[in-house]
Amino acid sequence: MRNAARQAINFVFAHNTSFPKVELRALADRYTAQLQLCCPPSSFSHSYAQIIHAQMIISGFSPRGHFLGRLIDIYCQSNNLSYARHLFDKIPQPDVVATTTMVSAYCSVGKLKEARRIFDETPLCIRDVVCYNAMITGYNHNDDGAATVELFKEMLGNGFRPDHFTFSGVLSGLSLVADYERDCNQLHCAIVKSGMGCFTSVLNALIFLYVKCACSLFVESSSLLDVGRELFDGMREKDELTWTTMIAGYVRNDDLVSAQQVFDLRSEKPVAVWNAMISGYLHHALYPEALGLFRRMINEGIQFDEYTYTNILSLCGDSGLFSQGKEIHACILRKEEKWGLEFSSSVNNALITLYSRCEKIREARHIFEEMPVKVTVSWNAILSGYVNAGHISDAIHFFHKIPEKNLLTWAVMIAAYAQSGLGEESLKLLNQMRLEGFQPCDYTFAAAVTACSNLGALDQGRQLHALVIRLGFEPSLSTTNALITMYGRCGIVEAAHLIFKTLPSVDSISWNAMIAAFGQHGHGCQALQLFEQMLEVGIKPDRITFLNILTACSHAGLVDEGSRYFNLMHSYGVSPQDDHYARLVDLFCRAGKFSDARQLIEKMPFEPDAPMWEALLSGCRLHGKLDIGIEAAERLLHLVPQHDGTYILLSNMYAAAGKWDDVTRVRKLMRDMGVKKEPACSWIDVENKVHIFFVDDTSHPEVQAVYAYLEKLGPRLRELGYAPDTMYVLHDVESEQKEYSLSTHSEKLAVAYGLLRLPIGATVRVFKNLRICGDCHNAIKYISKLVQRQIVVRDGKRFHHFKNGECSCGDFWVDHLEAMTSFSVAIIIIRRITKTSLVEFSSSWSVGTQDIQVELRPVQLAYPNESGQVKLQTNGITWNQFSIQAHQPGWKLGAEGVPV
DNA sequence: GTAGGGTTAG
């Protein structure tokens with residue numbers, strides 16, 4: 001029937017057919033009575049109105065005046081805007097009621113431009129205050145507070161007198177524009193003067209404005225809340241909205257105590273007031289309190305509405321009460337069946353989230369598919385479900401199907417890419433998002449900056465940092481912490497430190513990020529100092545803090561400190577986990593303390609896992625400990641047979657010992673197992689383009705120029721003392737061939753390309769997927785001296801800052817083949833003693849009596865012990881005996897040169 | 001013919 005009516009109307013509209021006229025008066029009475037039946041609006045009344053309209057046309061009755069207005073109204077309410085507009089356009093001079101109906105209808109479906117066009121075409125003499133109010137409401141619905149304020153000013157300029165609808169509308173609009181603090185006061189005064197302050201609705205809107213401004217203004221939030229509360233206390237007539245607004249205001253400003261106090265003031269509370277209080281507890285993860293209120297609602301016989309159900313489903317999803325969540329779902333289905341109603345999409349969205357949180361993505365998808373109206377939140381909930389479940393490809397596929405993406409859709413996908421290690425995709429999507437006119441939010445920035453950290457994309461990271469500043473919004477702590485990590489991981493630890501130092505407030509994540517940055521760059525002592533400061537200001541270290549501290553010690557070779565902090569963990573309520581043990585084992589092994597490592601593994605409360613054996617194996621490789629190394633490798637091969645690194649380490653260890661048969665055996669095993677070595681590659685960013693180089697590269701278009709340049713450098717490097725160390729080519733080939741092989745390593749090619757193509761003086765920043773080769777490390781040290789350029793290499797494990805022939809890692813993290821043995825005597829030059837008795841030793845110094853060259857780490861810091869003695873370490877070896885034979889004039893010695 | 005702050009997606 002409905003379709004037939006629509007066809008009839010379409011036919012008449014299309015052909016403009018006229019029909020014989022009948023007696024007008026009788027028809028008018030009949031249609032008036034019939035249209036009366038269309039109130040109140042429902043799906044029935046909408047289709048009935050269509051039938052009446054069709055009959056009017058067929059009978060030749062041409063609706064005018066209130067018939068037209070009524071029909072337009074009904075068509076607008078049933079979202080048949082094209083019919084409504086057709087009728088509206090037939091009116092030669094539409095009255096204000098029809099105009100307001102059309103304006104309001106267009107506004108409610110978000111067609112603001114169309115609404116404004118009709119509004120503007122209406123002469124001033126026709127317009128009235130209701131018409132203005134409708135347009136103002138439209139702007140508010142569209143979150144355009146500035147347009148609301150503008151129209152309000154225009155309205156006053158045109159001499160219209162605002163009513164209480166206008167004031168509450170303008171106050172709502174103002175609440176959308178955070179910077180309007182001064183205007184708030186002005187409007188407050190205007191409301192008092194105009195006498196509109198007697199309307200509860202106006203005062204509700206005013207309270208809302210104050211609490212909303214309190215949310216966005218960090219500094220004066222409490223005083224603005226106090227103004228809101230004064231208004232609240234002074235109101236003689238409070239309605240449901242007054243209570244809800246005040247409680248929600250406190251909740252949004254983190255003041256749950258005041259919220260609860262207002263909540264308790266009222267004995268009989270409407271359901272919305274309960275919901276507001278419960279949502280406060282939920283947003284602060286106070287689940288027992290929220291649950292307590294749900295129980296009280298049941299005891300007091302308060303009927304749950306859809307907001308209550310959404311809240312309780314959210315509680316179940318967030319706190320892991322999945323079976324209870326399912327019971328609520330059953331309860332909702334029963335209620336819908338019993339009352340023949342259908343809950344709105346928000347309840348279904350909460351259900352989707354519940355099921356995806358408990359990893360039931362199929363159930364979540366089923367609910368989604370059955371939803372009659374899918375809003376963007378529904379799509380986003382499923383998208384997040386896929387992201388949380390870890391299969392990224394489903395998320396990508398689903399993302400492209402989402403018809404109307406909002407800020408959050410983009411944010412979720414950008415973060416998903418970043419978390420899955422697909423940094424480039426993440427940044428591409430950020431660009432696309434901006435091209436489509438979306439301004440990235442803080443969450444998106446944090447994710448994109450994280451993507452830059454993982455990629456080592458310093459330029460893009462800097463651009464994002466600049467964009468945050470240019471857009472003028474205060475970056476949140478999560479973005480700032482991401483920036484600290486980004487600068488740290490992109491090699492500019494100073495920039496990370498600058499951000500950290502200038503932050504007005506920091507959290508434990510900021511401290512952890514900064515400690516990690518110092519650690520990765522080998523600034524072990526600074527990392528430890530920062531840790532001590534962290535304790536002084538009362539921030540509790542967590543498991544990540546200790547993980548970073550152990551890494552920092554490991555990168556700087558601080559064995560004793562590492563052990564001390566490891567033993568300190570319990571006193572901060574953190575129990576060491578497998579990864580903490582692995583870091584300490586790594587530290588011990590690097591230092592050649594295999595018995596300590598073994599003891600630690602033996603007393604560990606759980607079975608050693610892969611990272612532990614890997615640490616042991618790497619240490620053995622470093623120090624040529626073949627027997628323990630083989631055992632570790634066997635364990636590792638058993639646990640993760642597909643990991644290429646184990647085969648390579650084992651094979652290299654055999655090669656270093658000249659056991660070529662065993663090398664062949666390991667390589668065959670690797671082939672038999674179908675394991676392929678990850679090809680080494682290095683890359684460098686030049687003029688916003690990433691240039692990748694592989695070993696013995698022939699693919700890069702400019703690689704011949706790179707080889708020529710390296711060849712030219714060769715003799716000059718040798719003059720400085722560089723000698724190719726063929727130990728690093730672990731193939732059983734002739735030495736000349738070995739030397740050639742070394743010169744084609746990817747990191748050398750990338751460094752040379754940077755020197756050729758970057759502006760003079762610019763720091764060369766190279767990234768490598770695997771650990772840097774020892775010979776390349778040595779060569780780059782000499783290159784930095786020869787060309788007087790800073791070169792930074794981030795390898796698979798850490799940063800190496802090369803400057804004037806030295807590296808920040810102190811060669812401690814280079815794959816040494818020869819284990820150092822003990823020394824009896826050495827000469828140390830003391831550079832300076834700081835006020836805090838921190839002794840700084842110069843680099844590249846000390847000559848043993850046995851005429852063996854030894855290197856200290858470039859700058860080694862040490863605290864003298866109680867007796868004023870200082871303990872020094874070289875590459876992994878603690879010096880137990882040495883004597884100070886000389887020192888610079890004017891420098892004092894902490895312990896008069898007494899050996900430790 | 002004009003309105004409304006308690007819900008859901010990171």
Check every strand shown and say whether [X] touches a base, only sugar-phosphate, or nothing at a heavy-atom separation below 4.0 Å.
| X | value |
| --- | --- |
| A:Asn204 | base |
| A:Val271 | base |
| A:Ala248 | sugar-phosphate |
| A:Val387 | nothing |
| A:Asp128 | base |
| A:His141 | sugar-phosphate |
| A:Ser384 | sugar-phosphate |
| A:Asn140 | nothing |
| A:Ala416 | nothing |
| A:Val412 | sugar-phosphate |
| A:Arg357 | sugar-phosphate |
| A:Thr308 | nothing |
| A:Asp239 | base |
| A:Ser201 | base |

So CZ of A:Phe438 and CG of A:Leu430: to nearest 0.5 Å the spacing works out to 12.5 Å
Can the ring centroids of [X] and [Y] be said to lie less than 6.0 angstrom from one another?
| X | Y | value |
| --- | --- | --- |
| A:Tyr83 | A:His53 | no |
| A:Tyr386 | A:Phe399 | no |
| A:His329 | A:Tyr355 | yes |

Students often mix this up, so state it plainly: with edges at 30° and 60°, are the rings of A:Phe304 and A:Phe294 parallel, tilted or perpendicular?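 Correct class here is tilted.
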With heavy atoms of chain A within less than 4.0 Å as the criterion, where does contact along DNA chain B begin and end?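 Counting from the 5' end, contacts occupy B:dG1 to B:dG10.
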I'd like to check the ring-ring contact (aromatic ring centres under 6.0 Å, His included) partners of A:Phe263; sequence neighbours left out, ordered by chain and number. A:Trp274
For A:Leu171, the option from A:Val202, A:Thr148, A:Asn140 that meets side-chain contact (heavy atoms from CB on, under 4.5 Å):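 Exactly one pass, corresponding to A:Val202.
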